[in-house]
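Just so we're clear, the structure is a prediction, and the values are computed from it rather than from any experiment.
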Amino acid sequence: LQPAVSVGNVGQLAIDLVISTLDMTKVGYFYTDCLVPMVGNNPYATAEENSVELSINAEVYSLPSKKLVVLQIRSPFIKNKYRPFCQALLSWVKSSNCARVLLLSSSHAYQRDDEQLLGSPLRYLLTPDLQKAVGGLMQELNWKEMEKVAAYPGINDAEKVLHIPGGGITKLLFIESCSKGIQMAVLLKFCSEGDNIPDAFALVNYLNEWLQLIRSESNNSTDPSSQWKIPSSWRLLFGNGLPPALF
């Protein structure tokens with residue numbers, strides 16, 4: 001399970017909720033020169049003792065009881081480094097014998113076509129290898145597959161292509177997984193930049209419909225935050241408050 005660094009950082013926020021709620025253990029780092037370097041305090045600190053642990057731009061968490069490994073990415077990609085990162089990641093996936101990869105992503109809401117404006121703002125994509133295994137389940141869940149759009153709108157509407165504006169590495173990673181025979185699913189939400197916490201809850205609940213990572217307290221619950229544990233670092237999501245001295 002991993003995020004794409006995409007519009008609104010929705011995938012990364014959703015991954016935060018998974019790691020925090022399931023109390024996952026950090027087992028290592030994903031060393032790469034494709035991401036902007038960064039270091040910070042433990043984003044999932046629960047007490048003063050573990051708040052001083054350091055975290056970096058790409059870390060790996062594990063939950064053996066659910067056979068789940070999570071890669072959290074915390075910084076943007078360096079220009080022209082998408083492809084090397086995808087190759088390194090998929091090589092690691094194959095060498096680690098991961099059964100499948102789930103990529104949490106997002107796409108610009110304002111660039112949807114008419115068909116995408118209808119119904120749910122959540123979409124999924126499956127590589128051919130994964131389609132054979134879980135395609136029927138997606139139909140049972142009544143999920144909508146990401147629509148392809150016209151390659152040349154108004155000129156040739158017959159030729160359709162996959163278009164994920166604002167999706168970062170999503171499209172490249174998906175296409176590479178298709179060609180390498182890797183079982184990958186992309187779960188994404190159309191959104192806009194701003195306060196993307198509600199989008200993160202929507203995406204992680206969407207994921208939970210499939211994987212059942214946590215038991216839903218109530219199908220009628222209108223407050224998704226009641227199911228998921230918000231990490232301590234979210235208090236600083238929009239920086240500190242305005243200093244009183246200004247007034």
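Counting non-hydrogen atoms of neighbouring residues, nucleotides and ligands closer than 6.0 angstrom, the CG atom of Asp114 reaches no more than 12 such neighbours.
Two residues are said to be in side-chain contact when any heavy atoms from C-beta on lie closer than 4.5 Å; Trp143 and Leu187 meet this criterion. Side-chain contact between Trp92 and Val60 is present, with at least one heavy-atom pair separated by less than 4.5 Å. Side-chain contact check for Leu162 versus Leu125: some heavy-atom pair is nearer than 4.5 Å. Residues Leu22 and Tyr61 are not in side-chain contact: their nearest non-hydrogen atoms beyond the backbone lie 4.5 Å or more apart. Using a 4.5 Å heavy-atom cutoff, the side chains of Tyr124 and Met138 are in contact. Looking at heavy atoms from C-beta onward, Ile15 lies in side-chain contact with Leu1 at the 4.5 angstrom threshold. Between Leu90 and Leu173 the shortest side-chain heavy-atom distance falls below 4.5 Å. The closest side-chain heavy-atom distance from Leu68 to Met24 is below 4.5 Å.
In the hydrophobic clustering, where aliphatic and aromatic side chains (Ile, Leu, Val, Met, Phe, Trp, Tyr) are joined below 4.5 Å either directly or transitively, Leu54 groups with Tyr29, Val39, Ile56.
Between the side chain of Asn50 and the backbone N or O of Ala47 there is at least one donor-acceptor pair closer than 3.5 Å. Between the side chain of Ser75 and the backbone N or O of Leu35 there is no donor-acceptor pair closer than 3.5 Å. Listed for the Thr21 side chain is a donor-acceptor partner under 3.5 Å among the backbone atoms of Lys229.
Evaluated for a side chain to side chain donor-acceptor pair (under 3.5 Å) with Arg123, the options Glu147, Glu145, Gln116 yield exactly one hit, Glu147.
In plain terms, the two heavy atoms of Val7 and Ser106 that are nearest each other are O-OG, 2.6 Å. For Ser105 against Ala4, the heavy-atom pair with the smallest separation is OG-CB, 3.8 Å. Closest approach of Pro231 and Leu17 over heavy atoms only: CD-CD2, 4.2 Å.
Between Tyr82 and Phe77, the angle of the ring planes goes over 60°, which puts this pair in the perpendicular group of the 30/60° scheme.
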For the pair Asp33 and Lys81, evaluate salt bridge (charged side-chain N to carboxylate O under 4.0 Å, His left out) and give the outcome as yes or no after the intermediate values. CA-CA 8 Å; Asp33 61 355; Lys81 289 284 191 176; 3.7 Å; yes
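With sequence neighbours excluded, no residue forms a ring pair (Phe, Tyr, Trp, His ring centres under 6.0 Å) with Trp210.
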